[in-house]
A.B. asks: 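Sharing a structure, written as structure tokens. Questions coming.
All of these numbers come straight from a predicted model, not from anything done at the bench.
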Amino acid sequence: MPLSRSLSMTSLSGVLPAWEEDELPVEDLLLFEVAWEVTNKVGGIYTVIQSKAKITVDEWGENFYMMGPYFEHNFKTQVEGCDPPNPAIRKAMDALIHNGCQVHFGRWLIEGSPYVILFDIGSAAWNLDRWKGDLWQTCNIGLPYHDREANDSLILGSLIAWFFKELTDNLGDKPNVIGHFHEWQAGPGLILSRSRKIPMATVFTTHATLLGRYLCAGNVDFYNNLDKFDIDKEAGDRQIYHRYCLERAAVHCAHVFTTVSQITAVEAKHMLHRKPDVVTPNGLNVKKFSAMHEFQNLHSTSKARIQEFVRGHFYGHLDFNLDKTLFFFIAGRYEFSNKGADIFLESLSRLNYLLRVHRNDMTVVVFLIMPAKTNNFNVESLKGQAVRKQLWDTAHAVKEKFGKRLYDALLKGQIPDMNTILDRDDFTIMKRAIYATQRHSLPPVTTHNVLDDSTDPILSNVRRIGLFNSRNDRVKIIFHPEFLSSTSPLLPMDYEDFVRGCNLGVFPSYYEPWGYTPGECSVMGIPSVTTNLSGFGCFMEEHVSDPAAYGIYIVDRRFRSPEESCNQLTQFMFTFCQQSRRQRIIQRNRTERLSDLLDWRYLGRFYIHARHLALSRAFPEKFKTDPMVPLKTEGFRYPRPYSVPPSPSASIHSTPHHSDVEEDDDEPYDEDEEAERDRLNIKAPFVLGTVPEGKKKQPGDPSPNHLKTSFFLMEVHRFKTFLKSS
């Protein structure tokens, strides 16, 4: 049964073509996705499997199941219990239950409502010693008694392998089973299933190698020494050799091995000694973030809320114009070096110098949203918001009096005397309010009382670079050592609203297998900075011809020294500060158009390809794929925006200028025209090849010659535009 890959010209949101899988017999297959984070939020893998659930359910219907550990609280709050619709699954569960192991079934209450099968690890813990013996006899991997996480993963894996054995015995030859395992915690289930020769296709995905995480956390020059590490010794020195063995065994046992990015693929080749068969990028449920054409209005609304916070935080020192203020931010786990906070702070110091030297009237307020140990809010920060609210109330009270007296005077046909329309009491109230804003200390650089602030990495570096929010600084810093919440008395905003209100997200990570934060910025139309050491940055470099034109600035941290990378990041931010308000609006429009590229409806096709490949390797007599045929998504690239001239000097000013001035020589731009051209161009890479065998050419499909002519005419138009601008 051949598994052909063909493309439909049906568009997703009018942009990306959908992928048809006409010959995949979903009704004759069962798909199981195994992860420790099914209904159990621990880290980023939870976001991956949760956001991907809907498109998988849409494709597989009731033949898709997710498997993971059972936690009573999670089950009661996130899962609706029900009976399995498939009798074979019911029998397999009963076989485990009758032997004293508890198994729970239900629908996970997320978008798509997928079925989940959850195994109670505690109820089967009495088998641990026997299963450790089985693992040793199978692959000579021993687990220490003190590593509870590894022991729990073995219990889960043994239960899953047992379940698959019972299931395949009940099913017989049809339907065939696919098992997709995520990360090393799910590895024992894959290893045991393969060692027991259970007839099923297996896929293993690593979102980041185990040893890679540990090495980078120790500030090792990781990417320049990938081929020099003594892997066994490094794992042993960190007392994770048994975990590393589980991960590596799972990688080599799987029919198909995948990673989430090209940079992680390079890492896996050296750390795990197997080149990934498929790269499966992480997507987003874009519907959750999309606001159609209202995203610009949402940006203005959220920005106004951030401005209110800034007014309070900088009371007494608000000598900068908020209409000429940009908001930058970095957010994520508090991994100071891995997340690039070190290079970011150094670049901010250099940006501050450039803005002052060039006498740029733009101010940059930088938020660092990283959770650290604190004991409470900073008193000075709370006082600032109270002072702001008091001033607001005072202004409104005086405005009411002024409005009433003005109204009465106009009714009498008189022009009021502005010197008498406000009495002495009103002036007294206003003077008291002004005196209340006087401040003898600088605005705080942190919103909370940070424990061990003398050794805190961010605060230590803030002291080193000397950015203390003084009046002369054009770059102001606010360290918010807590995740954002709409219930906060200080900055009452959810993360999504906060991101929408910012101008630029900066994520210069050193170790980032994928990186959801810049992706979330993109789908909300907010430009961002990433690196070529993050999966997201590599993906954008591969799929977008000119990422910077679309608001994706990629810092080279792989082939440049830290000093050069720091200078490049500084230049990116300085160039962004030079843009006019109109240029920033145009760039946000372009950034938002990348959201379709990050949608699971597009990125899900990589998972489809991985399953096809696994089926062809596990059941070659039933399923066949041509290994020489490249994946249709390979080589696809977003074109350079139509309105961007070939010369960067025509679109970016060489010297700083007023952000609100509309220049006559600004680049020509028509949102609808550019979006339509992007839609036409984006389809081109998918249809330049031959039509797949057995599929008729659609009447509306352009021919390769027609497309070549279109590209030629576009280049001629760009050249003419360049000549005019010169």
Side-chain angles (χ1 to χ4, degrees), residues 289 291 293-307 310 320-330 348 351 354-355 358 360-367 474-476 497-507 518 520-530 540 544 546-554 569-595 640-645 648-672 674-675 678:
F289 296 99
H293 298 291
E294 291 296 317
F295 78 97
Q296 294 281 10
N297 295 336
L298 291 174
H299 167 73
S300 299
T301 303
S302 297
K303 185 178 179 180
R305 295 173 63 186
I306 297 176
Q307 287 175 334
V310 169
F320 52 92
N321 187 348
L322 282 175
D323 291 331
K324 299 177 185 176
T325 299
L326 299 177
F327 299 122
F328 294 1
F329 81 99
I330 183 174
L348 290 175
L351 175 65
L354 289 176
L355 292 175
H358 289 276
N360 194 309
D361 59 355
M362 187 66 71
T363 301
V364 177
V365 175
V366 181
F367 291 87
R474 299 268 50 84
V475 174
K476 318 286 186 180
D497 294 331
F498 175 79
V499 172
R500 285 193 185 278
C502 288
N503 298 99
L504 182 71
V506 185
F507 314 102
E520 290 167 344
C521 287
S522 298
V523 300
M524 288 186 274
I526 303 301
S528 62
V529 177
T530 182
M540 284 299 169
V544 181
D546 186 1
Y550 284 95
I552 307 295
Y553 299 93
I554 301 175
L569 175 58
T570 304
Q571 189 58 46
F572 281 156
M573 294 191 293
F574 183 58
T575 301
F576 189 86
C577 292
Q578 291 177 268
Q579 290 182 340
S580 67
R581 182 172 178 272
R582 180 174 181 272
Q583 286 174 320
R584 293 198 301 272
I585 291 173
I586 291 172
Q587 191 177 56
R588 282 198 296 272
N589 286 334
R590 292 174 184 155
T591 304
E592 195 269 343
R593 282 208 298 278
L594 292 179
S595 60
R640 183 184 179 91
Y642 161 69
S643 62
V644 176
S649 62
S651 59
I652 298 178
H653 297 264
S654 58
T655 56
H657 63 281
H658 197 295
S659 65
D660 292 325
V661 172
E662 298 297 337
E663 307 262 346
D664 294 335
D665 60 347
D666 267 347
E667 59 194 67
Y669 179 76
D670 185 308
E671 166 65 16
D672 295 333
E674 183 171 299
D678 272 359

A.B. asks: Please tell me if the side chains of D361 and N321 come closer than 4.5 Å, counting only heavy atoms from C-beta onward.
C.D. replies: no

A.B. asks: Would you please classify the geometry between the F572 ring and the Y553 ring as parallel, tilted or perpendicular, with 30° and 60° separating the classes?
C.D. replies: tilted

A.B. asks: To the nearest 0.5 Å, how far apart are CG in N297 and CZ in R500?
C.D. replies: 11.0 Å

A.B. asks: If you take all heavy atoms of R588 and P527, which pair is closest and at what distance?
C.D. replies: CG-CD, 4.0 Å

A.B. asks: Go through the steps to decide whether N589 and Q296 satisfy the test side chain to side chain contact (heavy atoms under 4.5 Å, CB included), and finish with yes or no.
C.D. replies: CA-CA 8 Å; N589 286 334; Q296 294 281 10; 3.0 Å; yes

A.B. asks: Using every non-hydrogen atom in the two residues, find where T591 and I526 come nearest and quote the distance to one decimal.
C.D. replies: CG2-O, 3.7 Å

A.B. asks: With the side chain counted from C-beta on, respond yes when R305 and D497 share a heavy-atom pair under 4.5 Å apart, and no when they do not.
C.D. replies: yes

A.B. asks: Looking only at atom types and distance, does a side-chain atom of R584 sit under 3.5 Å from a main-chain N or O of Q579, one as donor and one as acceptor?
C.D. replies: yes

A.B. asks: Is the shortest heavy-atom distance from the side chain of L569 to the side chain of V529 under 4.5 Å?
C.D. replies: yes

A.B. asks: Can you give me the closest heavy-atom contact between L326 and C577, atom names plus distance?
C.D. replies: CD1-CA, 3.9 Å

A.B. asks: Could you go through I554 and M540, starting from their C-alpha distance and side-chain angles, then the distance that decides it, and tell me whether this counts as side chain to side chain contact (heavy atoms under 4.5 Å, CB included)?
C.D. replies: CA-CA 9 Å; I554 301 175; M540 284 299 169; 4.2 Å; yes

A.B. asks: Mind checking the CD1-NZ spacing from I306 to K303? Nearest 0.5 Å is all I need.
C.D. replies: 9.0 Å

A.B. asks: Between Q307 and D323, do the side chains contain an N or O donor and an N or O acceptor separated by less than 3.5 Å?
C.D. replies: no

A.B. asks: Does E592 offer a backbone N or O that forms a donor-acceptor pair with the side chain of S595 under 3.5 Å?
C.D. replies: yes

A.B. asks: Can you tell me how far apart OG (S580) and CD1 (I586) are? Round to the nearest 0.5 Å.
C.D. replies: 7.0 Å

A.B. asks: Could you check N360 against Q578 for side chain to side chain donor-acceptor pair (under 3.5 Å), going step by step and ending with a plain yes or no?
C.D. replies: CA-CA 8 Å; N360 194 309; Q578 291 177 268; over 6 Å; no

A.B. asks: Between T363 and T325 (side chain of the first, backbone of the second, donor and acceptor by atom type, cut-off under 3.5 Å), is there such a pair?
C.D. replies: no

A.B. asks: Under 4.5 Å between any side-chain heavy atoms of L354 and R474, yes or no?
C.D. replies: no

A.B. asks: When you compare the side chains of Q571 and T575, does any donor N or O come within less than 3.5 Å of an acceptor on the partner?
C.D. replies: yes

A.B. asks: Could you pull out the closest heavy-atom pair between M524 and F295, with the gap in Å?
C.D. replies: O-CD1, 3.8 Å

A.B. asks: Provide the closest heavy-atom pair for F576 versus N503 in the form atom of the first, atom of the second, distance.
C.D. replies: CZ-O, 3.4 Å

A.B. asks: Roughly how far apart are L351 CG and M362 CE, rounded to 0.5 Å?
C.D. replies: 11.0 Å

A.B. asks: Can you name the ring-ring contact (aromatic ring centres under 6.0 Å, His included) partners of F329, sequence neighbours left out?
C.D. replies: F498, F507

A.B. asks: Which pair of heavy atoms, one from I552 and one from S522, lies closest together, and at what distance?
C.D. replies: CD1-OG, 3.3 Å

